[in-house]
Amino acid sequence: MAESRETLRQLIRRRLGRHPFVVVSNREPYSHEYRNGKVECIRPASGVTVAVDPVMQASRGLWIAHGSGSADQAVTDGGFVSAPPDRPTYRLKRVWLTKKQEEGYYYGFANSALWPLCHVAYRRPVFRDDHWRAYRTVNLLFAEKVAEEVRDQDAFLFIQDYHFALLPRLLRARCPNAIIAHFWHIPWPNPEVFRICPWKQEILDGLLGSDILGFHLRYHCMNFMDTVDRELEARPDREMTAVVYQGHTTKIRAFPISIDFEAISQRAASPEIRKLAQTLARKYRFPEKVILGVGADRLDYTKGIPERLDAIDAFLTRHPAYRDRFVFFQAGVPSRTQVEEYRRLSDEVEQKVAQINWKHGNARWQPLVLVQEHLSLNTLLALYRMARFALVSSLHDGMNLVAKEFVASQVDSNGVLLLSQFTGASRELRDALIINPYSADQVAEKIRQAIEMDPIEVRRRMGRMRRQVREQNVYRWAGSVIKKLSKLA
Ligand code: F6P
């Protein structure tokens, strides 16, 4: 039987009992924004928050995150707000950062140094002293904010991602009875790549303050162990997949993250989504009997969006018979727009879309629709349900939850998933059409294959992937982390 919110709740009650459960992440699960003079609550486009929110709803714990929404301060009471907004089950504590801190810590060290360092997407990391200082300051600030809540309680602390590499060590000193897990949601590169980081030892030292350090893939665990071996006076134990450092043992484990399959699947099957699909088809003027492809990403260079557009260009050039019926809808959520590399990407994507539409389109039909805004989950599900295929072409990706969401949305099993071989998800979803995003011509052929695939084969492949994602859902991911944590209590 697949794990569910209820089985996770029982597990948490059994295993964590009276121990407080605290999650720390940079991105908050819900943010409040001023829009057209009103306050709106939105769910940011983030794999981490999509995965951890259902876990928090089951655990009823405390989530501490950066309050980044324009209206966050206005709706927050004493630093806290209840979440989710429509059915509160847990508390969210918002931490405020100054613009300067956000610039150095988030846009700077986290996203201009660690992000390109850990993703093999051929972007050179930028290492600056002031960014590193801000990163340290913000890690310290979060350590204080967590410690205010936890003190010497026997709490379980679950830290998320590369924004907080130093936090485990800082918390070990402040919360002596806490059990600390850290989950690194992005790839961990091989030691050859990591060694260029000027603060490599500090980062490893920070992470090794955890009791458990999780990655999506065993491959990333091994890269981490190799890096420690190379850079620190520490003892990596390969049999136990653990590191002994300064007398403390950190277990290194792979926990492949996932989604709340049932919730997404049920929502995708609702009449509301069907109706919304019709509205969207009218709004975007999809041709009758459209052959729709969908891509949905943050506008990030690791997602391979220009490469995807090149592949569509190649497809339309090779297969002109599909003109007039084929539409590719690209949802691109603006992301990290203060970083130049991201601004350049946004311009590049816009230009490519314009060029391809000009080259192949005509007065009645344009092959590409680009929407650079935050789309609601309902809108995405409606698009997924209409889609003949989804195209995930990441150049490198820790897991990629869009791929799993697409699978969950396919309640009639009639869509095909094209999935980059460089995503963590491709290790699990073997029935996807696996692509190499670096070859536009190969991807173009896979698009043709997806469109022309026999419907029985489409259903067979999608049916298998659905069973897999239903089974390996986010509750199983959280359950495995919690089982490991509770063994240390
Ligand atoms: O995968 C790493 C991650 O932190 C995920 O939460 C998410 O996919 C993305 O990066 C979110 O980016 P940001 O919080 O910078 O918008």
Side-chain angles (χ1 to χ4, degrees), residues 23-31 33 42-56 63-69 72 94-95 97 101-121 123 131 135 138 142 158-165 167 182-189 214-217 220 255-259 295-305 331-339 341-343 345-346 372-375 377 380 392 394-405 420 422-425 474 477:
V23 163
V24 188
S25 70
N26 171 70
R27 185 61 64 201
E28 54 185 346
Y30 299 92
S31 74
E33 306 284 349
I42 64 151
R43 302 195 61 181
S46 150
V48 173
T49 56
V50 164
V52 181
D53 180 57
V55 178
M56 282 307 282
W63 189 329
I64 303 180
H66 171 210
S68 56
D72 275 358
R94 286 175 166 153
V95 177
L97 300 181
Q101 284 170 335
E102 194 177 346
E103 195 186 320
Y105 141 82
Y106 173 77
Y107 292 109
F109 194 70
N111 287 314
S112 303
L114 285 177
W115 182 268
L117 182 71
C118 292
H119 288 91
V120 182
R123 295 300 196 280
H131 289 173
Y135 185 82
V138 172
F142 269 79
F158 190 19
I159 304 165
Q160 311 299 318
D161 234 345
Y162 61 100
H163 311 89
F164 295 121
L167 202 48
H182 190 294
F183 194 87
W184 192 266
H185 289 262
I186 62 176
W188 189 277
F215 296 95
H216 292 304
L217 307 181
H220 299 152
F255 303 105
I257 205 165
S258 194
I259 54 163
D297 316 78
R298 282 179 310 102
L299 274 173
D300 191 307
Y301 53 83
T302 61
K303 303 294 179 186
I305 302 170
V333 186
S335 180
R336 306 174 189 169
T337 43
Q338 299 309 312
V339 180
E341 197 70 54
Y342 285 75
R343 285 199 297 271
L345 173 75
S346 171
Q372 293 201 57
E373 63 187 56
H374 182 272
L375 296 181
L377 179 60
L380 289 174
V392 175
S394 308
L395 305 182
H396 201 189
D397 214 329
M399 176 54 69
N400 193 286
L401 294 183
V402 168
K404 293 188 175 180
E405 284 181 349
S420 160
F422 307 117
T423 59
V474 72
W477 171 76

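One-based numbering, in listed order, for ligands and for the atoms of each.
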Problem set entry | CA sep, side-chain torsions, deciding dist, call: Tyr162, Asn26, side-chain hydrogen bond (donor to acceptor under 3.5 Å, both in side chains) | CA-CA 9 Å; Tyr162 61 100; Asn26 171 70; over 6 Å; no
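Scanning the protein for heavy atoms near atom 8 (O) of ligand 1, the closest one is Gly47 N, 3.2 Å. Nearest protein neighbour of atom 16 (O) of ligand 1, counting heavy atoms only, is Arg27 NH2, 3.1 Å. The protein heavy-atom contact nearest to atom 9 (C) of ligand 1 is Arg298 NE, 3.5 Å. Closest to atom 12 (O) of ligand 1, if we only count protein heavy atoms, is Arg336 NH2, 2.8 Å. At the shortest separation from atom 5 (C) of ligand 1 among protein heavy atoms lies Val48 CG2, 3.6 Å.
Looking at Lys404, its side chain never comes within 3.5 Å of a backbone N or O of Met399 through a donor-acceptor pair. Side-chain N or O atoms of His396 include none that pairs as donor or acceptor with a backbone N or O of His119 at under 3.5 Å.
Relative orientation of the Phe164 and Phe142 rings is tilted, given thresholds of 30° and 60° on the angle between their planes.
Taking every heavy atom of Asp161 and a limit of under 4.0 angstrom, the matching atoms of ligand 1 come to 2 (C), 3 (C), 4 (O). For ligand 1 and Tyr106, the ligand atoms under 4.0 Å from any heavy atom of the residue are 13 (P), 15 (O), 16 (O). Close contacts between ligand 1 and Ile186 involve ligand atoms 1 (O), 2 (C) [criterion: under 4.0 Å to a heavy atom].
A ring-centre distance under 6.0 Å is not found for Tyr342 and Trp115.
Residues His185 and His216 come closest through the heavy atom pair O-NE2, 3.1 Å.
Taking any N or O of Ser335, backbone or side chain, none lies under 3.5 Å from an N or O belonging to ligand 1. For the pair Tyr162 and ligand 1, the shortest N or O to N or O distance does not fall below 3.5 Å.
Considering His163, Arg27, His66, His131 in turn, Arg27 is the only one that fulfils the side-chain hydrogen bond (donor to acceptor under 3.5 Å, both in side chains) rule with Tyr106.
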